[in-house]
Amino acid sequence: MNDTAQKMREISEKLDKDADDLMFIKDSLEKSSQLTHNMVTILTSFENRLRQLEETILPVHKETVTLQKLQENIENTQAALDHVLNYHDAVRDLDAVIRDGPSGGKLEQYISHMGQIQDALEFFSENNPSSPELSKATQLFKTGKELLQNEFRNLFTRHCNPVPAIKILDMLGTDDELPDSASVTSLNQLPEQALEELSEISKWLIGPGKTHDFMDVYYQIRAQTLKKSMEGLKDHLSKKSSGSAAGSYSPLIVSTNTTLLTPASSISHPSPILNKTLMKGIGGLKDHLNRSTGSHSPLTSGRLHKSKDAPNKRTSTLLRPMARKGAANKLDPERRPSSQGVESQGHVDPAIESYLYCISGLLKLMQCEAQLMSHIIPEEHQRKTFDKIIEKPLEMVSQDGEAIATTAKRAVIKHDYTAILSIFPVLKHLINVKPEFEETLSGTAPGTRGKLPTLIASLETTGAKALDEFYDVVKNDPEKSNLPKDGTVHELTSNTLIFLENLLDYVETTSAMLMAQKDPAFAISNKGNDMENKKKRVANYVAKILGAVGLNLDQKSKSYSDQYLGVIFLLNNLNYILKSLQRSGLLSLVVHSKPDIERDYEEKIRIQKTEYSRSWSRVLQHVIDGSKPVAVNLDPSKMKDKERQQIKDRFKGFNQDFEDLFKTHKGYAVPDPQVREDLRRESKQMILQQYTMFRDRYVVTSFTKNPEKYIKYTPEQVSSQIDHFFDISA
């Protein structure tokens with residue numbers, strides 16, 4: 001019961017509380033309704049006021065918008081009128097300015113004014129083609145364009161001057177008049193300000209001006225400037241070479257080998273005569289180049305010799321000697337030169353030296369032309385313009401090179417093979433600069449790019465033919481009438497070795513010539529080191545020439561009526577060949593083809609020495625008891641007359657044959673001191689012991705009442721006589 005009462009009380013309390021909450025909610029709803037009513041009243045009043053405002057303002061707004069649009073239309077009309085009037089005013093106001101031209105440092109402003117005239121021209125063309133203003137604008141634009149072209153021409157002409165020869169040589173780093181510390185400077189052919197102005201004019205002419213005429217002006221002026229620069233260089237070199245060499249620096253290939261020449265007495269013909277003949281041949285080369293080019297050139301500088309001055313004898317023109325003189329060099333013999341300079345050699349013909357300077361000078365000038373053009377001529381037109389600029393100078397250098405090749409060909413036809421030596425430095429230099437030429441001429445016409453390869457091919461073909469015919473002439477030289485009477489070194493031998501020595505400086509060049517022959521002997525495999533292959537190819541040729549010389553000398557030695565003079569002749573020549581190979585450096589080249597060539601020559605020399613020793617057989621037969629045994633009773637009282645006579649005959653025969661041998665052999669020439677002493681020593685070893693034994697045996701016998709008549713020589717006297725062998729003055 002108590003629980004029920006308790007629950008009843010709790011329920012009653014909750015109901016009271018809920019009744020209070022319900023009353024609070026009712027009061028709140030009444031307040032909210034009142035607030036809502038008030039807000040609706042306010043909003044309705046505001047809406048009514050807005051409607052009244054809109055009805056008042058909207059007509060004013062519409063009228064304002066209309067006025068603003070009218071004002072904008074007026075302003076646009078005024079701007080359009082001003083724009084049109086500006087075109088009219090530009091033609092009128094700029095007329096005097098345009099006609100005055102861009103001179104006076106106002107180029108940028110002038111180009112800006114030309115832009116205004118162009119705008120007016122385009123406006124009238126599009127909007128009023130029949131307007132007289134169009135005609136005025138067209139004429140004024142044309143006038144301005146012509147004045148800009150004239151300014152381009154005048155400005156370009158004023159600053160385009162030929163490059164002084166001294167500056168070209170300075171770029172090459174070769175002129176001896178400059179101090180050693182002078183660095184190679186770049187060539188700035190135009191002032192920076194002028195270059196900028198020319199660039200601006202060219203951009204306007206190719207763009208708004210729509211004309212390429214200025215490019216013709218550019219190439220004509222630059223072509224003439226380049227031509228004059230080359231002529232100045234050639235004239236400078238010509239003047240220097242007419243008085244002396246063209247300086248201590250030469251464009252030829254370096255020569256580090258010393259001169260290899262035997263004394264004048266050791267060669268059958270004096271070298272000064274041959275050198276005179278050689279100079280006549282060079283004179284003929286200059287004379288031909290002078291006629292072929294039709295202009296003054298360093299190739300024609302110096303004293304000229306008429307071609308008729310060349311000797312007619314085949315022997316004298318067959319192999320003319322050319323000494324290779326060492327000089328202070330800047331580069332290794334086979335090192336590729338940079339275009340910044342050219343390689344050096346000692347004694348060279350100034351004509352060839354000048355030509356090689358011109359090649360390097362032209363290359364440098366062409367590179368400078370390409371660099372200058374990049375600032376002025378649009379890229380798409382540069383190669384064509386460049387082609388026109390270099391056409392004549394390149395043709396001039398090419399013709400000079402062809403003239404050298406032509407003269408060499410004519411010399412080869414006349415069996416003058418020393419003339420071909422002038423081709424070697426030219427060809428090597430051309431091959432070395434060929435990569436730079438190809439890079440510089442990239443993009444030009446095929447005919448332009450092909451000039452240098454054509455010239456190189458021509459020189460290689462000429463050289464290949466000369467090398468081939470040189471072998472035939474060396475092998476088949478029929479001249480026997482000019483054999484040295486004393487058996488000394490033949491002119492054929494000395495001149496051939498000197499010719500071969502010159503190949504040392506041009507191994508790569510000679511290799512290229514030999515490749516042009518298409519001879520299987522020179523078809524070296526491409527495997528391995530390329531330079532080694534080239535050396536082997538040239539070594540094969542040198543070995544082939546040496547073999548031909550050997551065969552020819554062997555035949556010539558058989559032409560002597562004196563058998564042992566022929567032996568001495570062959571000995572001298574073989575020894576000269578060996579010594580020349582050793583001293584010149586040719587030996588280190590030939591071993592690529594014939595590893596045992598030195599031993600082979602030493603063996604041949606030994607054989608000839610042995611053969612010479614047989615010349616004593618006639619003398620020895622008198623003193624060797626084994627050849628003519630004599631049963632002699634040393635007791636004078638028991639010696640028979642027959643025995644006495646035999647002894648007399650043997651002494652008499654020895655004396656006679658020894659004197660004949662001395663008389664003959666003292667006239668033999670053995671120029672090599674070592675070989676000369678070897679032959680004397682071996683002769684003494686062969687005869688003195690036998691003669692001493694023979695003499696000592698019979699000197700004590702009384703085989704004659706006049707011993708001094710038969711015993712004419714003591715061993716010491718025989719030795720002294722032998723010491724005078726090979727001495728014509730004895």
* To do: Might you point out which heavy atoms bring Ile423 and Thr462 nearest each other, and give the distance in Å?
  => CD1-CG2, 3.7 Å

* Measure across Tyr691 and Thr714 and return the closest heavy-atom pair with its distance rounded to 0.1 Å. => CE2-C, 4.1 Å

* Identify whether the distance between the nearest side-chain nitrogen and carboxylate oxygen of Lys640 and Glu643 falls below 4.0 Å. => no

* Going by the side chain to side chain contact (heavy atoms under 4.5 Å, CB included) test, name the single residue among Ile605, Leu546, Val489, Asn572 that passes it with Ile577. => Leu546

* What do the steps show when you test Gln645 against Asp649 for side chain to side chain donor-acceptor pair (under 3.5 Å), and what is the final call? -> CA-CA 6 Å; Gln645 187 61 43; Asp649 290 342; 2.9 Å; yes

* To do: Decide side-chain contact (heavy atoms from CB on, under 4.5 Å) for Thr664 and Leu565; before the verdict, give the C-alpha distance in whole Å, the side-chain angles of both, and the deciding distance to 0.1 Å.
  => CA-CA 9 Å; Thr664 303; Leu565 182 57; over 6 Å; no

* Asked: When the ring centroid of Phe694 is compared with that of Phe651, is the distance short of 6.0 Å?
  -> yes

* His724 versus Phe662, closest heavy-atom pair with distance -> CB-CE1, 3.7 Å

* Got a salt bridge between Asp554 and Lys558, using NZ or NE/NH1/NH2 to carboxylate O under 4.0 Å? -> yes

* **Glu659 vs Lys712, side-chain contact (heavy atoms from CB on, under 4.5 Å): CA-CA, chis, key distance, verdict** => CA-CA 11 Å; Glu659 289 170 359; Lys712 296 175 64 175; 2.7 Å; yes

* Are the charged groups of Asp660 and Lys663 less than 4.0 angstrom apart, N to O? -> no

* Test item: Gln555 side-chain N/O and Asn552 main-chain N/O as donor-acceptor pair under 3.5 Å -> no

* Working to the nearest 0.5 Å, report the span between NZ of Lys652 and CD1 of Ile711. => 15.0 Å

* Would a distance-only check, ignoring hydrogens and angles, find a side-chain to backbone donor-acceptor pair under 3.5 Å from Asn706 to Lys709? -> no

* If every non-hydrogen atom of Leu427 is compared with every non-hydrogen atom of Met513, which pair is closest and at what distance? -> CD2-CE, 3.4 Å

* Asked: Does the cation-pi check pass for Lys604 over Tyr601, that is, NZ or CZ under 6.0 Å from the six-membered ring centre and within 45° of its axis?
  -> yes

* To do: Answer with yes or no after comparing the ring centroid distance for Tyr668 and Phe725 against a 6.0 Å cut-off, counting only values under it.
  => no

* How long is the gap from CG on Leu679 to CE on Met686, to the nearest 0.5 Å? -> 10.0 Å

* Decide yes or no for Val590 and Glu598: does some side-chain heavy atom of the first lie under 4.5 Å from some side-chain heavy atom of the second? => no

* Asked: Heavy-atom distance under 4.5 Å between the side chains of Asn495 and His490, does that happen here?
  -> no

* To do: Begin with the C-alpha distance, continue with both residues' side-chain angles, and end with the deciding distance and a verdict on salt bridge (charged side-chain N to carboxylate O under 4.0 Å, His left out) for Glu602 and Arg599.
  => CA-CA 5 Å; Glu602 289 174 347; Arg599 187 162 57 250; over 6 Å; no

* Pairs meeting criterion ring-ring contact (aromatic ring centres under 6.0 Å, His included) with involvement of residues 545-564, two or more places apart -> Tyr560-Phe569

* Is a side-chain N or O of Glu603 found less than 3.5 angstrom from the main chain of Asp600, in a donor-acceptor match? -> no

* **Greater than 12 external heavy atoms within 6.0 Å of Lys648's NZ** => yes

* Heavy-atom closest pair, residues Ser511 and Val538 -> N-CG2, 3.7 Å

* Does any N or O in the side chain of Asn655 come within less than 3.5 Å of the main-chain N or O of Tyr710, such that one atom is a donor and the other an acceptor? -> yes

* **side-chain contact (heavy atoms from CB on, under 4.5 Å) between Ile722 and Ile687, intermediate numbers included** => CA-CA 10 Å; Ile722 293 175; Ile687 192 65; 3.6 Å; yes

* State plainly whether the residues Arg618 and Asp657 are in salt-bridge range, i.e. N to O under 4.0 Å. => yes

* Starting at CE of Met515, measure out to CG of Asn533 and round the result to the nearest 0.5 Å. => 9.5 Å

* Flag the pair Lys684 and Asp723 as a salt bridge only when some basic side-chain nitrogen lies within less than 4.0 angstrom of an acidic carboxylate oxygen. => yes

* Structure fact -> CZ of Arg614 to OG of Ser617, rounded to nearest 0.5 Å, is 9.0 Å

* Stepwise, does the side-chain contact (heavy atoms from CB on, under 4.5 Å) test hold for Tyr612 with Ser683? -> CA-CA 9 Å; Tyr612 170 76; Ser683 297; 3.9 Å; yes

* Asked: Going by heavy atoms in the side chains, are Val507 and Met531 under 4.5 Å from each other?
  -> yes

* Structure fact -> By salt bridge (charged side-chain N to carboxylate O under 4.0 Å, His left out), Arg680 pairs with (sequence neighbours left out) Glu677

* Answer whether the closest heavy-atom distance between the side chains of Val699 and Pro707 falls below 4.5 Å. => no

* Can you measure from OG1 (Thr496) to CG (Leu553) and round to the nearest 0.5 angstrom? => 8.5 Å

* Return yes if some donor-acceptor pair links the side-chain N/O of Ser720 with the main-chain N/O of Gln717 below 3.5 Å, else return no. => no

* Ring center gap for Phe658 and His665 short of 6.0 angstrom -> no

* Lys609 atom NZ: more than 12 heavy-atom contacts under 6.0 Å -> yes

* Indicate the atoms forming the closest heavy-atom contact of Ile568 with Ala669, along with that distance. => CG2-O, 3.6 Å

* Asked: Tell me, do Tyr541 and Asp468 make a side-chain contact under 4.5 Å, heavy atoms counted?
  -> no

* Taking the side chain as every heavy atom from C-beta outward, state whether Leu497 and Leu586 have any atom pair closer than 4.5 Å. => yes

* Salt-bridge contact Arg681-Asp678 (side-chain N to carboxylate O under 4.0 Å) -> yes

* Does some side-chain heavy atom of Leu570 sit less than 4.5 Å from a side-chain heavy atom of Leu574? -> yes

* From Arg537 CZ over to Lys535 NZ, what is the distance, rounded to the nearest 0.5 angstrom? -> 13.5 Å

* To do: Determine whether Lys556 and Leu492 make a side-chain contact, defined as any pair of heavy atoms from C-beta on separated by less than 4.5 Å.
  => yes

* To do: Can you sort out the partners of Asp696 under side-chain contact (heavy atoms from CB on, under 4.5 Å), two or more places apart, ordered by chain and number?
  => Thr692

